[in-house]
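Here is the naming used below: chain letters follow the sequence lines, and residue numbers restart at 1 for every chain.
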Amino acid sequence: MKQTIIIMCGLLLFCLSLFISSSRAFQSDELLIEEEDLSSEGGFPDLAHIRSSSAQPPTTTTRKRYSESDQDSKIQFSLEHAFGDSEFSPAGIFNARLKTWNHGAQTLTKLRFSRNDFTEVEKEKFQNLLKGDDFYRIRLPSNVLSSPGREYVISSVKARCLPRESLDEHFVIHMEGVNILAVNYGAPGACPHPRQLQLPAKWSFKSHTVLKNSEQAPRAPVFSEDILGETAEGEVVPPPERSFWAKYWMYLIPLGLIVMNAITQAMNMPEEQGGGQAQQPGAAVQRGPTPAVRRR
Amino acid sequence: MAMAIRVFLLSLLFLSFADHSFSLYEDQAGLMDWHQQYIGKVKHAVFHTQKTGKKRVVVSTEENVIASLDLRHGQIFWRRVLGANDAIDGVDIVLGKYVITLSSEGSILRAWSLPDGQMVWESFLQGSKPSKSLLSVPINLTVDKDNVILVFGKGCLHAVSSIDGVVLWKKDFSAESIEAQQIIQPLGNDKIYVVGFVGSSQFDVYQINAKNGELIKHTSAVFPDGFFGEVLSVSSDMLVSLDSTKSILVTINFQNGEISFKKTHISDLFEDHSGIADILPSKLSGVFAVKINTLLVFIRVTAEGVLEVVDKINNAAAVSDALSFSEGQQAFALIEHVDGKVLLTLKCSHDWNNDLLKESVEVGHQRGLVHKVFINNYIRTDRSYGFRALIVMEDHSLLLLQQGATVWSREEGLASIVDVTVSELPVERAGVSVAKVEQNLFEWLKGHILKLKGTLMLASSEDIAAIQGMRLKSSEISKMTRDHNGFRKLLIVLTRAGKLYALHTGDGRVVWSLLLPSLRKSGSCEHPTGLSVYQWQVPHHHAMDENPSVLVVGRCGPNSDASAVLSFVDTYTGEELNSLGLVHSVAQIIPLPFTDSTEQRLHLLIDTDKHAHLYPRTSEAIDIFQREFSNIYWYSVEADNGIIRGHVLNRNCIGEVVDEFCFDSRELWSIVFPSESEKIIATVTRKLNEVVHTQAKVVADQDVTYKYISKNLLFVATATPKASGEIGTATPEEASLVVYLIDTVTGRILHRMAHYGSQGPVHAVFSENWVVYHYFNLRAHRYEMSIIEIYDQSRADNKDVWKLVFGKHNLTSPISLFSRPEVILKSQSYYFTHSVKTIAVTSTAKGITSKQLLIGTIGDQVLALDKRYLDPRRSVNPTQAEKEEGIIPLTDSLPIIPQSYVTHALKVENLRGIVTVPAKLESTTLAFAYGVDLFLTRMAPSRTYDSLTEDFSYALLLITIVVLIAAIFVTWVLSERKELQDKWR
């Protein structure tokens with residue numbers, strides 16, 4: 001649960017409004033038992049808004065691992081991409097720290113991403129994708145320790161979803177320990193349906209990365225007898241006080257009508273009586289008999 | 001404390017008021033529902049006709065049912081359904097009063113009382129290694145005046161007392177590595193012979209004392225050519241088997257402990273022999289039957305072991321066991337198919353040329369070949385011997401033949417339904433009205449007297465049945481035309497035997513049935529299996545003159561890479577319109593949401609190589625398909641591998657033959673579950689034809705939330721591999737269950753949630769924007785049900801009325817799944833007492849009516865549970881506004897209200913599936929539950945708010961109106977008169 005909030009903190013950096021709306025889903029539920037906090041590093045404040053200008057040479061596909069301490073070790077895994085049906089080729093490097101917990105579990109923290117810029121050939125390929133409204137595909141190893149693991153996890157998006165000012169991309173990496181279950185790749189915001197052909201102003205990437213672990217399901221509510229008694233006896237919640245109008249409108253409206261009716265009648269009475277004197281020949285005469293009269 | 005009790009009672013009271021929407025009165029049972037009982041394909045049959053009284057036959061079936069059937073009418077006297085993995089190996093009758101069954105690979109022996117089916121005793125037979133299980137009831141073998149049942153199972157021979165099931169003695173053969181084939185008990189002898197093979201070429205005989213199980217003698221001999229398959233006992237000391245090449249018959253004589261083999265080439269016996277032989281397992285005395293290609297050869301064995309061919313029959317189908325019917329005389333039945341008829345011949349074992357009986361019976365061509373035959377004898381009125389035969393057909397139906405006619409038949413194919421779909425009935429045409437049955441005055445009077453008796457509670461049970469029958473007749477539910485409310489439909493069901501039935505929803509009768517020719521065993525298709533049924537053509541524009549049709553998909557063989565078979569069947573006439581034997585396999589069938597000009601639905605068949613094949617194969621279909629080509633995505637689940645992949649169509653297949661209806665696919669996304677911690681145990685999607693009325697949901701305080709409604713959501717549940725077995729095999733610490741909601745177009749994981757300390761089996765149902773799933777919580781030692789609801793946040797801003805007025809909303813903008821979804825999820829878990837076999841949800845025509853979950857319980861009943869109980873917004877103290885909305889206060893467990901059992905007092909034995917079909921009337925839905933039994937009922941989850949109930953008194957309404965009008969006139973006249981009088985005054 002807390003992890004999700006932490007992930008949401010990460011989201012906060014680039015999308016504050018989203019945070020407000022989506023964090024609403026995760027509040028309440030004090031029935032949850034807080035699980036051991038797996039990533040207390042304060043989320044991923046460095047969620048890699050790294051331009052590809054600082055990219056490393058694209059040939060580092062192999063994993064480099066050197067341990068600083070017994071607890072944490074640095075780790076690398078590479079992102080690969082493909083244009084349409086083409087073969088996958090390296091596109092960037094993820095750097096992270098592998099944190100080993102006392103109970104043996106391992107999690108990734110402090111994920112950094114360095115994206116390679118498109119080469120000229122790749123630019124051309126990407127433009128072809130844009131023209132054909134085809135898929136831009138990426139893949140990650142399914143295990144960060146022994147790449148590629150069992151198999152690569154693949155994700156794709158229509159190429160026309162990416163270009164804005166620059167090429168905006170958004171990774172959600174679903175982790176389970178050191179395994180990558182899935183990567184969800186796409187535009188950080190909406191991708192409106194009739195996809196227009198639009199070339200990016202700058203051929204550089206603006207990448208956002210989020211790591212997600214599974215959250216714990218809410219437990220079934222447990223009622224013991226004393227809790228039940230307490231809620232029944234203790235806080236007898238008074239119904240929220242409503243305004244006078246909200247409570248009695250059904251009485252007030254007929255009352256008002258009656259009053260109005262009475263007033264008009266009362267106004268007509270003197271008019272009828274004074275009609276003979278013809279002091280006011282105008283409106284009162286034209287108005288004719290009142291409804292009360294007509295009813296008879 | 002007192003307060004707590006009061007609160008509890010109050011909540012109980014509330015709940016008892018809350019949900020009576022389905023309960024019905026006793027006399028309403030059977031009016032809107034029907035229930036049919038079946039037993040399945042018969043494996044063994046034992047007749048019990050000696051005593052005076054009820055003549056019966058006890059059968060055991062492939063659905064693990066033991067049943068006692070009435071021989072005169074075929075009705076079920078009693079029936080017991082054993083568990084799913086408790087297959088019956090043998091059945092017999094002892095002492096004339098107990099039915100003995102051996103099940104679970106020879107480890108459970110049970111005795112059932114013959115008259116009423118009560119279990120008398122049960123004994124668990126211990127053994128160490130799996131082996132063939134044999135049940136043998138010797139006729140005259142007694143130990144201490146106790147009849148003995150001999151059971152071989154799990155590598156041990158047991159002698160069990162037939163009175164109380166106590167194991168008298170036990171002989172363990174597991175050390176000897178013998179594969180026992182037969183238990184032979186010569187008449188009038190205290191010796192038992194257990195014969196079997198060790199390896200493939202050594203033959204062993206154990207001679208055992210029947211009184212105490214002591215081994216008397218053990219002899220063995222090696223047959224260097226090796227044996228193939230099983231041995232068949234021809235007489236008390238003679239066995240027949242085949243050698244490993246299946247071309248030599250071996251007779252084995254083991255008299256006096258001496259084993260001698262004698263080989264006979266089949267080609268010696270039988271001149272123009274080619275191919276391989278199989279020995280039929282029918283026990284005939286002195287004779288045995290060998291099947292060579294299509295030819296059946298009867299071979300007699302002389303006392304010296306010499307074989308001689310007695311007869312050759314070309315189109316034989318089945319042979320029964322021998323039956324001894326008088327002093328030393330034995331007979332067996334031989335079934336042949338001649339000119340579409342079944343020819344039943346009873347042969348005398350010793351006198352071949354003398355046929356005891358030869359009858360030709362018409363059984364109807366939709367039943368296929370005879371698979372099994374069992375015979376029984378009786379004494380005719382002229383004191384001669386008569387025979388009756390019970391035959392099991394290719395479509396699993398059971399027939400009793402006697403005196404050249406079919407006495408009764410049972411459609412046992414319906415006990416093994418594979419898939420269900422629905423077809424509309426024909427529209428009622430002006431000229432073709434169903435003639436009204438004229439009733440004479442006497443009948444009419446009698447009916448009314450009966451009804452009067454019923455209301456005065458004077459009616460006997462027979463009268464009540466008659467009243468029910470009259471009600472059924474009068475209520476038009478079984479007419480063969482479409483009705484205004486859409487209650488009358490045809491259920492098209494595909495059974496495991498490859499037979500298609502059309503059942504009328506009104507009374508459940510079989511309107512037509514078709515044994516699909518394309519799903520029958522043939523040279524090109526060795527083991528055909530039916531997979532599923534789809535609506536192929538549903539004419540709306542030409543409903544008057546065109547018939548709807550269904551598509552049946554099957555494959556030739558048990559593996560998924562076997563080639564596929566398609567068959568198109570007219571649902572009004574029950575005729576096969578067309579059939580296709582395909583070259584490719586079929587792994588997935590996707591009905592597309594497009595139809596061509598003849599209203600045939602486009603279907604995409606995905607084969608195991610991930611090629612997509614389009615049907616129907618017309619140029620028009622390909623035109624429609626090309627238009628939507630880039631919008632077709634699908635996914636595949638590799639459950640064993642733990643991978644889910646998403647695919648998109650690419651281009652036409654590249655192959656030797658140009659096929660414009662075949663398309664390559666490209667992998668778009670993949671989700672790889674770590675194999676050491678997660679294993680896929682359940683995947684569920686929404687029903688394709690589900691209708692959602694509105695996306696908006698008004699919650700408390702006049703607020704609106706928007707449901708996230710996408711047809712492309714997949715619910716996946718994974719469990720740790722350790723905990724994917726049975727409950728109790730894993731500890732709470734090592735078990736966990738993870739559930740996923742996955743968008744199948746982009747592969748996005750919308751939600752991922754772990755239930756620690758929980759495990760499967762998971763049963764789930766997905767509808768609208770919610771998914772409900774059922775699993776076991778190991779920590780709480782209870783079953784739980786959880787709900788996840790998904791709401792769309794991208795549309796949440798459209799609450800402002802002015803935005804709607806000025807059109808500044810995004811409600812009509814198209815949704816692209818490539819956008820990042822803004823969803824919120826709500827979830828909650830509740831305890832649920834029952835374990836569950838299947839879950840379904842009601843579906844109505846427009847989706848307005850509130851939903852009920854239909855839960856198939858472990859007791860084979862269907863429980864309707866209101867969806868409101870599974871609302872994630874339930875809280876302990878709902879506010880006033882929430883109460884008005886109908887939110888129920890939070891409880892830790894879901895209530896099980898006895899009145900809400902849809903099946904009321906009935907059981908749907910071995911419940912496997914529940915199908916809901918919307919009626920035209922919005923409030924009503926049809927629920928069809930199938931297993932060994934069938935059950936259909938009409939349900940109204942929010943009561944029938946849009947129609948008057950059937951017992952509504954129109955007469956009372958009319959009388960009231962007439963009385964009111966009369967009263968108006970009377971008072972008018974009176975007041976006129978009074979006024980006149982007043983004026984005159």
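Contacts with chain B were tallied for A:Asp85, A:Ile180, A:Val153, A:Leu181; A:Leu181 has the most, counting heavy-atom pairs under 4.5 Å. Among the candidates A:Ser142, A:Cys161, A:Gly189, the residue making the largest number of heavy-atom pairs closer than 4.5 Å to chain B is A:Gly189. Counting heavy-atom pairs closer than 4.5 Å to chain A, the top-ranked of the candidates B:Thr746, B:Asn650, B:Ile644 is B:Asn650. Per-residue counts of heavy-atom pairs under 4.5 Å with chain A were compared for B:Ile671, B:Val739, B:Val672, B:Leu817; the largest is that of B:Val672. Ranked by heavy-atom pairs shorter than 4.5 Å toward chain A, the options B:Ser675, B:Ser786, B:Gly646, B:Gly747 are led by B:Ser675.
Taking 4.5 Å as the limit, every side-chain heavy atom of A:Gln216 sits out of range of all side-chain heavy atoms of B:His755. A:Asp133 has its side chain out of reach of B:Ser630: every pair of non-hydrogen atoms, C-beta onward, lies at least 4.5 Å apart. A:Asn184 is listed as a side-chain neighbour of B:Ile749, based on a closest heavy-atom distance under 4.5 Å. Between A:Ser156 and B:Phe818 the shortest side-chain heavy-atom distance does not fall below 4.5 Å. Counting heavy atoms from C-beta outward, B:Arg820 and A:His170 have side chains that approach closer than 4.5 Å.
Here the closest heavy-atom approach between residue A:Pro218 and residue B:Ser829 is recorded as O-OG, 3.1 Å.
Within 6.0 Å of OH on A:Tyr248 lie no more than 12 heavy atoms contributed by other residues, nucleotides or ligands. More than 12 non-hydrogen atoms from other residues, nucleotides or ligands lie less than 6.0 angstrom from CD of B:Glu733. Residue A:Glu165 qualifies as open at atom CD: its count of foreign heavy atoms under 6.0 Å is 12 or below. Around atom CG of B:Asp640, no more than 12 heavy atoms belonging to other residues, nucleotides or ligands sit under 6.0 Å away. By the 6.0 Å contact criterion, NZ on B:Lys679 is open, its count of non-hydrogen atoms from other residues, nucleotides or ligands being 12 or less.
Salt-bridge check for B:Arg752 with A:Glu176: passed, with a basic side-chain N closer than 4.0 Å to an acidic carboxylate O. Ion pair B:Glu667/A:Arg139 not flagged as a salt bridge, since none of the NZ, NE, NH1 or NH2 atoms sits closer than 4.0 Å to an Asp/Glu carboxylate oxygen.
From A:Glu151, atom CD reaches atom CD1 of B:Ile643 across 4.0 Å, with rounding to the nearest 0.5 Å. Going from atom OG of B:Ser670 over to atom CZ of A:Arg150 covers 10.5 Å, rounded to the nearest 0.5 Å. The CG atom of A:Asp134 sits 4.5 Å away from atom CZ of B:Arg666, with the distance rounded to the nearest 0.5 Å.
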Applying side-chain hydrogen bond (donor to acceptor under 3.5 Å, both in side chains) to A:Asn179 and B:Glu678, what does each step give before you reach the verdict? CA-CA 11 Å; A:Asn179 292 303; B:Glu678 292 185 39; over 6 Å; no
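With a 4.5 Å cut-off on non-hydrogen atoms, B:Tyr740 touches chain A through its side chain but not through its backbone. Neither the backbone nor the side chain of B:Arg782 has a heavy atom closer than 4.5 Å to any heavy atom of chain A. With a threshold of 4.5 angstrom between heavy atoms, B:Arg651 approaches chain A through side-chain atoms but not through N, CA, C or O. In this structure, no portion of A:Ile138 lies under 4.5 Å from any heavy atom of chain B.
Not counting sequence neighbours, B:Arg748 has no partner by the side chain to side chain donor-acceptor pair (under 3.5 Å) test.
Looking at B:Ser819, its side chain does come within 3.5 Å of a backbone N or O of A:Cys191 through a donor-acceptor pair.
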